[in-house]
Amino acid sequence: MSTTTEGSTRRGKKPVGQRAAEWTDPRLGLYKLAKSNLRKIFPDHWSFMLGEICLYSFIILILTGVYLTLFFHPSMNEVVYHGPYAPLQGVRMSEAYASTLHISFEVRGGLLIRQIHHWAALIFIAAMLVHMMRVFFTGGFRKPREINWLFGWTLLFLGMFTGFTGYSLPDDLLSGTGIRFADGAVLATPVVGSYLSFFLFGGEFPGHDIVARFYSIHILLLPGLMAGLLTAHLILVFYHKHTQFPGAGKTEKNVVGMPLLPIYAAKAGGFFFLVFGVIAAIAATVSINPIWTMGPYRPDQVSTGAQPDWYMGFSEGLIRVMPGWEINAWGHTLVLGVFIPLMIFPVVLAAIAVYPFIEAWVTGDKGEHHILDRPRNRPVRTGLGMAWLSLYFVLLIGGGNDLWATHFHLSLNWITWFVRIGFFVVPVLTFLVTKRICLGLQRRDRDKVLHGRETGIIKRLPHGEYIEVHEPLSQEQRHVLTAHVQPEPIDPGPEVDENGVERKINPVSKVRAKLSRGFYGENGQIAKPTVEEYEEITSGHGHH
Amino acid sequence: MKKLSARRRHPLAALVVLLLALAVTGGLYAALAPAPKAQADDSAQSLAIEQGKKLYSVGCASCHGTSGQGSSDGPSLVGVGSAAVDFQVGTGRMPAQQPGAQIPKKKVIYDQAEIDQLAAYIASLGPGPAVPTKDQYSPTGADAGKGGELFRTNCAQCHNFVGKGGALTNGKYAPTLQGVAPKHIYEAMLTGPQSMPSFPDSTMPQDTKADIIAYLKEVDSSTSKNPGGLSLGSIGPVSEGLVAWVFGLGLLLGIATWIAARTTKAKKS
């Protein structure tokens, strides 16, 4: 009896936390999950926080977006404006536009939240692009992370269209022009274009449905997909463990860094507030998408400077620089001037998405990789990445050609021609230059390992000769510069068989071998110093 | 007769005949042609015309011809009206400094009295739109909302939503309308300078021009406050994208670097 009473009093004295844990653990199984994950190690590097910027701006977008939905009316019914903004007094507009004006001028904090939402969107997609390029240049996409690479790329792709459907909602003149652009692209589809357009708009453009349709796509469909993909993306990051840069003590089999709790969580939590703070500060001081200056959308009106948000800018560039070709036959028109850019648009994006698979095929690399590459050690990949970025940037110039013209006092036509030629030439030049720079850096690394760091100290020897003192690198530094594996190109086998008869080699494997030589042949990398070379020089005999 | 027929073949004979013919035609015209503007010689108007003609001969005639008939360097000014002169000279576009894709706005070198004299002279060459009066172009009492609609329908495709200007082909451009005097905006609509089409009263009545001017006054960022903060030039999403990359992402990358640099390190023993 007494023991039971004692036991019950002891149970009564248990701390609240323990009691809560004892109640929840058998029901949710949290203990096991926490035990395995709370001490998860994350390596420390500024570039590993790019994905966090994406995650946090996505959270900010959800939070502010929910607030905006409380006041926004996704309706194209016509109303006459009688709100506080004087230059629109008495103007007919859709309810969507009127409610956005209401959010901007009458809802408490409405304009700030709208601006936070829009700035966060721009920064979200910019951070995704930078994050993707970080993974690209360091080879973070290699086995086992190819699927996660595709998840990330899909997030970027969906993010672009979430952004597009978002800035199309206010139904102002600029967004309406953007939807008109999309309609033009749909109409350029051969055969079914006009049917698709009528289906999308519920009749003749602009119709009465598009805002409501974009609204459900923007607040439900796309964010839902993105939230799911994001979760999968993060689960895979946990599952694969984070990659790390080469360094002393870091191997393919370990992860060197900080535990999730408490250090990493504290850092990441603090970073969330810093991201929110930076975006809020920008939103509080800098105007974005001032829809009241643009007026309501009317299909008979258009303004100059009608560009999409930056992430759609390269598609705008494709359209702007494309010659207005068209084919008229059998009473139908094929608008190549729109159709060709419409086809190049996904190709540009898909090119980077499929790269990991192409690289794995060309190099025959089937191993798992958890140590990242230094970009200079993979000159061809780095060159291709830079070429892709340069193409993207050239197209962005095309998308803003009118502003380049007015702000740099250039001719619009010259810029258009620059982009037309640059589309083909600039990526090639960028590739060649980047590859040379990478090889140069490899040579420098080799030189540093063998001869040490240039100290800038000039010494005069007794017989009058001047030499610069070189300081040997530390062991950690030497490790970083020499840890990488230098793969051999694929050997397609001898050209003739043992009898001297020409061997039939599959043309595909011929191409593959050639590409592989480009990656890892003698022009693709500088041989890193061998132990013998290092010992010969440092032993003092061969020193100059 | 022999003397004459010999000189008939002289190289200068054709020139002499031409000069004689010109002298005769000119003389006959001077003697016979009516002189409608010869009356009221001493009125203020004709004095202004006379002064204007003098200014014209010094500053304008080298391109537009000695009597405004135009040349390969400048168009004819017959019939452009005083409004065109007041706009072109009053905004400093004329006299032009150098040929180029477009004559830019620059420092005004004539005072208003001289501009009026020049305008009077050009107006005397042929009928054209006259300089508007203040009650024509004044934005007071005009409907800015309607002006905004008209502006977006007729003007924004070159001059941007709020009149910030934009690019045209081959280095030409639509200039900014911010800070431009209402009179000059009115005159530009009336006369259609350079690449701009003209909007005479028959297509855009006087009061709608005032509505547009009222709209431009409302959205002029130099006088009205932008509710959203810094306007980034009001040129659309390109400048916004630039800010998002440079300041937004730039700042966040800086912070990320800072956080990563301040890391806990194993104590060296």
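Proteins come first, then strands; the chains are lettered A, B, ... in the order of their sequence lines, and each starts at number 1.
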**Largest heavy-atom contact set with chain A, pairs under 4.5 Å, which of E149(B), E218(B), K164(B)** = E149(B)
**Request:** May I ask you to check whether S303(A) and N160(B) show a side-chain donor-acceptor distance below 3.5 Å?
**Result:** no
**Fill in**
Interface check, chain B: of V130(A), T406(A), V278(A), most non-hydrogen pairs under 4.5 Å belong to V278(A)
**Residue, of G236(B), S239(B), G171(B), A214(B), that accumulates the most heavy atom pairs under 4.5 Å with chain A** = G171(B)
**Request:** Quick one: sort the Y311(A) and Y167(A) rings into parallel, tilted or perpendicular, breaks at 30° and 60°.
**Result:** tilted
**Aromatic plane relationship, Y392(A) with W310(A) - under 30° parallel, 30 to 60° tilted, over 60° perpendicular** = perpendicular
**Interchain contact, I259(B) with chain A, by part (heavy-atom threshold 4.5 Å)** = both
**Request:** Classify the side-chain pair S71(B)/D73(B) by whether it contains a donor and acceptor separated by less than 3.5 Å.
**Result:** no
**Asked** What option among G305(A), A405(A), P87(A) has the most heavy-atom pairs under 4.5 Å with chain B?
**Response** P87(A)
**Message:** Less than 4.5 Å to any heavy atom of chain A: does that hold for the side chain of N226(B), its backbone, both, or neither?
**Reply:** side chain
**Prompt:** Which of the residues L88(A), T285(A), I282(A) is involved in the greatest number of heavy-atom pairs with chain B at under 4.5 angstrom?
**Reply:** T285(A)
**Message:** For the residue pair T416(A) / N413(A), report whether a side-chain donor-acceptor contact shorter than 3.5 Å exists.
**Reply:** no
**Request:** Report the option among N401(A), D300(A), L173(A) that has the most heavy-atom pairs separated by less than 4.5 Å from atoms of chain B.
**Result:** L173(A)
**Request:** Against chain B, label T293(A) side chain, backbone, both or neither, depending on which of its atoms sit under 4.5 Å from a heavy atom there.
**Result:** both
**Request:** Using non-hydrogen atoms and a 4.5 Å limit, figure out which bit of L396(A) sits close to chain B: side chain, backbone, both or neither.
**Result:** neither
Distance-only donor-acceptor hits, side chain of residues 109-125 of chain A, under 3.5 Å, sequence neighbours excluded:
unit_1	atom_1	unit_2	atom_2	d
R114(A)	NH1	S104(A)	OG	2.9
R114(A)	NH2	N289(A)	O	2.7
Q115(A)	OE1	I288(A)	N	3.3
Q115(A)	NE2	A283(A)	O	2.7
Q115(A)	NE2	V286(A)	O	3.4
Q115(A)	NE2	G228(B)	O	3.1
H117(A)	ND1	L61(A)	O	3.3
H117(A)	ND1	T64(A)	OG1	2.9
H117(A)	ND1	G65(A)	N	3.4
H118(A)	NE2	D309(A)	OD2	2.7
W119(A)	NE1	V286(A)	O	3.0

**Request:** Please flag which part of Y85(A) lies under 4.5 Å from any non-hydrogen atom of chain B: side chain, backbone, both or neither.
**Result:** side chain
**Message:** Does any backbone or side-chain atom of L168(B) lie under 4.5 Å from a heavy atom of chain A? Answer side chain, backbone, both or neither.
**Reply:** backbone
**Asked** Angle class for the Y215(B)/F151(B) ring planes (parallel below 30°, perpendicular above 60°, tilted otherwise)?
**Response** tilted
**Request:** State, without any angle test, whether Q301(A) and T153(B) hold a side-chain donor-acceptor pair at a distance under 3.5 Å.
**Result:** yes
**chain B contact via H407(A) - side chain, backbone, both or neither, heavy atoms under 4.5 Å** = side chain
**Message:** Please classify the contact between L251(B) and chain A as side chain, backbone, both or neither, with a heavy-atom cut-off of under 4.5 Å.
**Reply:** side chain
**Pick from H159(B), R152(B), Q157(B) with the largest number of heavy-atom pairs that fall under 4.5 Å of chain A** = R152(B)
**Fill in**
Ranked by heavy-atom pairs below 4.5 Å to chain B, first place among H409(A), E52(A), R298(A), R92(A) goes to R298(A)
**Request:** Side chain from CB out, backbone as N, CA, C, O: work out which of these in Y81(A) comes under 4.5 Å of a heavy atom of chain B, or both, or neither.
**Result:** neither
**Asked** Yes or no on side chain to side chain donor-acceptor pair (under 3.5 Å) for D402(A) and Q307(A), after CA distance, side-chain angles and deciding distance?
**Response** CA-CA 10 Å; D402(A) 54 335; Q307(A) 267 99 357; 2.8 Å; yes
**Request:** Counting only heavy atoms closer than 4.5 Å, note whether V275(A) contacts chain B via side chain, backbone, both or neither.
**Result:** both
**Request:** Mark yes when over 12 heavy atoms from residues, nucleotides or ligands other than K183(B) sit less than 6.0 Å from its NZ; otherwise mark no.
**Result:** yes
**Message:** If I measure from the heavy atoms of chain B, does W292(A) come under 4.5 Å with its side chain, its backbone, both, or neither?
**Reply:** side chain
**Prompt:** Looking at L118(B) and C60(B), what are the two nearest heavy atoms and their distance?
**Reply:** CD2-SG, 4.0 Å
**Prompt:** What option among M49(A), H45(A), Q89(A), M294(A) has the most heavy-atom pairs under 4.5 Å with chain B?
**Reply:** M294(A)
**Prompt:** Side chains of Q244(A) and N254(A): is there a donor and an acceptor less than 3.5 Å apart?
**Reply:** yes
**Request:** Could you tell me which portion of L129(A) (side chain, backbone, both or neither) has an atom closer than 4.5 angstrom to a non-hydrogen atom of chain B?
**Result:** side chain
**Request:** Return yes if a side-chain donor-acceptor contact under 3.5 Å exists between Q97(B) and K106(B), otherwise no.
**Result:** no
**Message:** Heavy-atom pairs under 4.5 Å with chain A: which of N170(B), N154(B), V162(B) has the most?
**Reply:** N170(B)
